[in-house]
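Residue indices begin at 1 and follow the sequence shown.
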Amino acid sequence: MTQPPAPLNQQQQQQLVWQIGHALATPLPPGWQQMRVEYRAAGRHVEVDLLVTGQDGLPRPAQPSPEAVQLLGNLRAGMYQPGRGTWLSAILVYGSATVLSTDFLADVEPPWRQAPPPIGFQDELRFFPRAEESIPPWLRQRAGMEPAPAATPPAEAPEALKSPRVYDGLDESGRPVVNREPLSPAERDRVLEYLDGAPVVLASRTYDADAFDPDREPLVPLNFRTDGRWYWPGAVAYYLREHDVAPDPELLGHIRALRFTLPEVGEPERELAVAAITGQPST
């Protein structure tokens with residue numbers, strides 16, 4: 001394989017996702033409730049894990065059919081974007097009669113059972129070429145490439161600082177409402193590392209009540225962190241960790257665009273965040 005195949009359009013991708021589900025389900029005994037398949041690849045190195053939930057509600061590992069593995073590889077190749085590469089890991093979840101969710105990660109290192117050797121990552125970049133700016137640092141390192149020159153992100157004006165929605169609204173009883181796709185376990189850990197790694201710019205010694213579980217002991221941190229472009233309350237990481245509530249989609253897109261790597265946050269950026277939080281002009 002030296003040239004990526006012709007790309008699949010959206011309809012072809014959806015059809016292939018359905019074919020994968022059929023190929024996974026065909027060897028299974030009747031009565032299964034849910035299938036979750038995770039596919040990880042770099043070059044010729046491929047790992048596939050299949051969990052099947054039966055009528056008892058318990059997920060159990062199963063052996064994916066060779067046809068399903070081949071179709072997953074076809075989907076990965078068909079989703080290649082010139083200069084951007086293709087995804088390295090995917091999680092597809094099926095109900096008994098529907099596709100429940102699909103998650104494709106192109107820039108996050110998969111949680112390998114056994115990490116591929118450098119040739120696997122070199123093959124990845126040969127089979128699915130990427131522009132320099134689309135090769136994340138970890139992939140460069142794995143492939144034995146020289147690190148890319150560090151780029152300093154441009155400073156933004158104070159009014160450009162953004163703050164996320166913690167949840168999407170409240171229902172009639174005053175309980176929070178969330179309409180967001182859950183994160184895969186691997187991405188959840190990377191997002192938490194980003195959120196928790198940003199410097200605290202304001203903090204209280206007390207804790208707030210859990211809006212999703214008001215009877216729980218108050219443990220929601222009353223603090224704010226910033227990465228110089230966004231500032232967010234401690235509740236964002238808390239609810240992701242405790243209730244799997246993904247961050248505001250716009251903040252999540254920002255974190256993904258930075259490839260889960262925090263920029264340097266200097267004193268001027270911290271002062272701007274404090275000014276935005278308190279409504280006071282920065283000095």
> Got a second to check how far Thr98's OG1 is from Gln34's CD, nearest 0.5 Å?
Replying inline: 11.0 Å
> Can you tell me how far the CZ atom of Arg190 sits from the CG atom of Asp107, to the nearest 0.5 Å?
Replying inline: 10.0 Å
> For the side chain of Ser65 and the backbone of Ala23, is there at least one donor-acceptor N/O pair under 3.5 Å apart?
Replying inline: yes
> Taking all non-hydrogen atoms of both residues, which atom of Pro64 and which atom of Leu24 are closest, and how far apart?
Replying inline: CB-CD2, 3.9 Å
> Which atom pair, heavy atoms only, marks the closest approach of Ala246 to Arg180?
Replying inline: O-NH1, 2.7 Å
>> If we ignore hydrogens and angles and just use 3.5 Å, is the side chain of Ser134 paired with the main-chain N or O of Gly83 as donor and acceptor?
In response: yes
>> Regarding Lys162 and Glu250, does a basic nitrogen lie under 4.0 Å from an acidic carboxylate oxygen?
In response: yes
>> Taking salt bridge (Lys or Arg N to Asp or Glu O under 4.0 Å) as the cut-off, I'd like each qualifying pair that reaches into residues 192-211, sequence neighbours left out, listed once.
In response: Asp196-Arg241, Asp210-Arg216
> Would you say the side-chain atoms of Asn9 and Gln13 include a donor-acceptor pair closer than 3.5 Å?
Replying inline: no
> Okay, side chain of Glu187, backbone of Ser184: is any donor-acceptor separation there less than 3.5 Å?
Replying inline: no
>> Tell me whether the rings of Phe121 and Trp138 are parallel (<30°), tilted (30 to 60°) or perpendicular (>60°).
In response: perpendicular
> How about Tyr194 and Asp227: does a side-chain donor come under 3.5 Å of a side-chain acceptor?
Replying inline: yes
>> Tell me whether Asp49 is salt-bridged to Arg36, with the criterion being a basic N under 4.0 Å from an acidic carboxylate O.
In response: no
>> With clusters defined by side-chain heavy atoms of hydrophobic residues (ILVMFWY) lying less than 4.5 Å apart, directly or transitively, does Val69 cluster with Leu8?
In response: yes
>> Give me each pair satisfying salt bridge (Lys or Arg N to Asp or Glu O under 4.0 Å) with a member in residues 65-88, each pair once, sequence neighbours excluded.
In response: Arg76-Glu124
